[in-house]
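The block underneath contains the structure these notes are about, expressed in structure tokens.
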Amino acid sequence: MTLTPVLSRYWDHPRSWTLETYRDHGGYDGLAAALARTPDEVIGLVKDAGLRGRGGAGFPTGVKWSFIPQDGPTPADQSVPHYLVVNADESEPGTCKDMPLLMATPHALVEGMIIAAYAIRCARAFVYLRGEVVPVLRRLQTAVAEAYDAGYLGTDVLGSGFDLELVVHAGAGAYICGEETALLDSLEGRRGQPRLRPPFPAVAGLYAGPTVVNNVESIASVPSILANGVDWFRSMGSEKSPGFTLYSLSGHVERPGQYEAPLGITLRELLTYAGGVRAGHELKFWTPGGSSTPIFTAEHLDVPLDYEGVAAAGSMLGTKALQIFDETTCVVRAVRRWSEFYAHESCGKCTPCREGTYWLVQILARMEEGTASEDDLQKLLDVADSILGKSFCALGDGASSPIVSSVRFFREEYLEHVRGGGCPFDPHASTLMA
Ligand code: L3W
Ligand code: SF4
């Protein structure tokens, strides 16, 4: 498969982020096409295109929009206000696609949000952005100001009678606020902790109103569908996973970065564009969708990277964060680093995750430091099992998945740590795990 740059097609333009450059490349044509249709027709188009959520779960975007109850054709007709919230709290380890997108072409998100808000009849939309990324915040705020000045936001958007206010909110740097209901709590001014679902946000979300929560890349993909049509979008990818997407390649690869390609491309193909695994080394293991997904090995190089292909091979496409590790990397050390991250980011609301992630770190540390006993491998799996499927939100599952899968593929390496008195790897060889 060849690369299909759509979102990233002029990221190297020296002023890619300005409204002028965006319009020079067809920007806001999708909005004009949307406003020429009824909101229901816009939802129908996005449904027909088969766009699926790019934030991890792959839920069909148009279907999610259609869950929002409708009392009439405009925001003013609704008995309770509807909201659109964009999840820009990108922080899954290895995931680096939403922030580059917002730095390069923030108007793609702004335009997509106006179309989505029009479709679900909401008059207020929010972006919840990771607070640490101050340059991204500034760029997005600048784009929003430009959009207000140009009449794309505010009252009577482009003379359509549709009003939209767009607020950019910076979070305070908690991974759990990327979970959609914790994000909503945080946006409302509370401590960000997941809410019980159902009700899903589409029924009771922000301020208990029907709310669509979508990922940045999902919403930024919408204008191209409006501008180019359903058939164009479906000409890429597969029947159930249509379209293009951003894959983030990082780690032991010659040219790390974002590669935009049809869903269903393989890692083997992506590596040809990224210059391969670093020279003189070979692939040992990799993540298909960030550190929350079961790991893959070299035997998975030809797995189609779409929702069905990755699931059939035993993992999840997730955020399409492909972290590549070569043979110099100790798998136990890599998993220990991820576990430390989850233990630190666990919000503490439920016992399996709060206590379990702590114990995962303790056992992995013993293995690395040479104080583990023969029982510890089974204990590690038992603790992971007591988290998996028994936690309140997906963070717990995410913490367990790399452990269980890495033991499946590298049991001997774990045993070598236990029997050989600690980590047999040179800590300086990997370059990633120091
Ligand atoms: C209405 C129903 N809405 C589902 C909606 C739901 C949500 C979407 C998907 O987790 C995954 C997670 C991480 N009526 C509905 C409904 N919905 N049924 O559909 O829901 P769900 O539960 O399948 O997934 P989720 O809670 O969105 C996302 C994985 O992604 N992940 C993490 C990514 C992290 C980031 C980041 O850093 N910001 O994206 C990576 O793999 O483990 O499994 O909107 O409301 N009946
Ligand atoms: Fe909080 Fe972890 Fe429980 Fe999620 S699984 S609610 S992050 S303690």
Side-chain angles (χ1 to χ4, degrees), residues 52-69 84-99 127-130 133 171 173-186 191-206 210-219 246 248 287-295 307 310-311 315-323 338 341-358 360 386-402:
R52 296 176 63 172
R54 306 299 198 222
F59 196 86
T61 305
V63 174
K64 191 186 275 190
W65 293 4
S66 70
F67 289 151
I68 301 293
L84 170 70
V85 176
V86 168
N87 186 345
D89 195 43
E90 180 171 70
S91 37
E92 169 77 7
T95 308
C96 44
K97 50 145 187 123
D98 294 337
M99 294 308 116
V127 183
Y128 187 98
L129 178 69
R130 194 161 174 75
V133 284
Y175 173 68
I176 194 56
C177 290
E179 195 284 334
E180 60 177 5
T181 59
L183 184 156
L184 296 176
D185 263 19
S186 174
R191 175 179 173 179
Q193 284 194 316
R195 300 175 183 173
L196 191 64
R197 299 183 314 178
F200 288 95
V203 175
L206 190 65
T211 304
V212 160
V213 185
N214 277 151
N215 169 259
V216 169
E217 187 191 343
S218 316
I219 290 289
L246 289 163
S248 317
T287 64
S291 61
S292 299
T293 58
I295 64 166
Y307 299 99
V310 176
S315 190
M316 273 177 65
L317 187 61
T319 55
K320 302 153 286 122
L322 314 177
Q323 301 171 89
W338 287 327
F341 170 81
Y342 290 114
H344 183 260
E345 297 295 337
S346 168
C347 81
K349 180 165 181 155
C350 70
T351 309
C353 168
R354 183 188 62 242
E355 304 298 324
T357 51
Y358 169 83
L360 293 176
S386 63
I387 301 173
L388 199 61
K390 299 165 185 95
S391 301
F392 193 77
C393 83
L395 188 145
D397 291 351
S400 311
S401 295

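Counting convention: from 1, in listed order, for ligands and their atoms alike.
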May I ask whether Thr293 has any heavy atom positioned less than 4.0 angstrom from an atom of ligand 1?
yes
Would you say Pro201 contacts ligand 1, with heavy atoms under 4.0 Å as the rule?
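Right, Pro201 reaches ligand 1.
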Identify the protein heavy atom lying closest to [atom], giving its residue, its atom name and the separation to 0.1 Å.
atom                    : answer
atom 35 (C) of ligand 1 : Gly55 O, 3.9 Å
atom 41 (O) of ligand 1 : Gly318 CA, 3.3 Å
atom 40 (C) of ligand 1 : Gly289 O, 3.8 Å
atom 6 (C) of ligand 1  : Glu180 OE2, 3.1 Å
atom 42 (O) of ligand 1 : Ala394 CB, 3.8 Å
atom 24 (O) of ligand 1 : Ala57 CB, 3.3 Å
atom 43 (O) of ligand 1 : Met316 CE, 3.7 Å
atom 17 (N) of ligand 1 : Phe200 CD2, 3.7 Å

Whether the side chain of [X] engages the backbone of [Y] through a donor-acceptor N/O pair (distance < 3.5 Å, no angle test) should be reported.
X      : Y      : value
Thr293 : Gly290 : yes
Lys97  : Ala321 : no
Ser218 : Arg54  : yes

Can Glu92 and Ser291 be said to form a side-chain contact (heavy atoms from CB on, under 4.5 Å), step by step?
CA-CA 7 Å; Glu92 169 77 7; Ser291 61; 3.8 Å; yes
Side chains of Glu90 and Thr95: do they bring a donor and an acceptor to under 3.5 Å?
no
Verify whether one side chain among Tyr342 and Ser292 offers a donor that lies under 3.5 Å from an acceptor in the other.
yes
Can you sort out which atoms of ligand 1 are near Glu90, meaning under 4.0 Å from one of its heavy atoms?
37 (O), 38 (N)
Within the 4.0 Å heavy-atom shell around Ser91, which atoms of ligand 1 are there?
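Near Ser91, the atoms of ligand 1 are 36 (C), 37 (O), 38 (N).
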Could you please give the number of protein N/O/S atoms within less than 2.8 Å of atom 2 (Fe) of ligand 2?
1
Does any N or O atom in Arg197 lie less than 3.5 angstrom from one in ligand 1, N or O only?
yes
Under 3.5 Å between some N or O of ligand 1 and some N or O of Asp89?
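Yes - when backbone and side-chain N and O of Asp89 are compared with those of ligand 1, one distance drops under 3.5 Å.
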Counting only heavy atoms, tell me which of Glu179, Lys320, Glu92 gets closest to atom 34 (C) of ligand 1.
Glu92
Closest non-hydrogen atom pair, Tyr175 against Asp89:
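Looking at all heavy atoms of both residues, the closest pair is O-OD2, 4.0 Å.
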Can you tell if the side chain of Glu179 reaches within under 4.5 Å of the side chain of Leu395, non-hydrogen atoms only?
no
Hey, are the side chains of Pro352 and Ser386 touching, using non-hydrogen atoms and a 4.5 Å cut-off?
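No, side chains not in contact.
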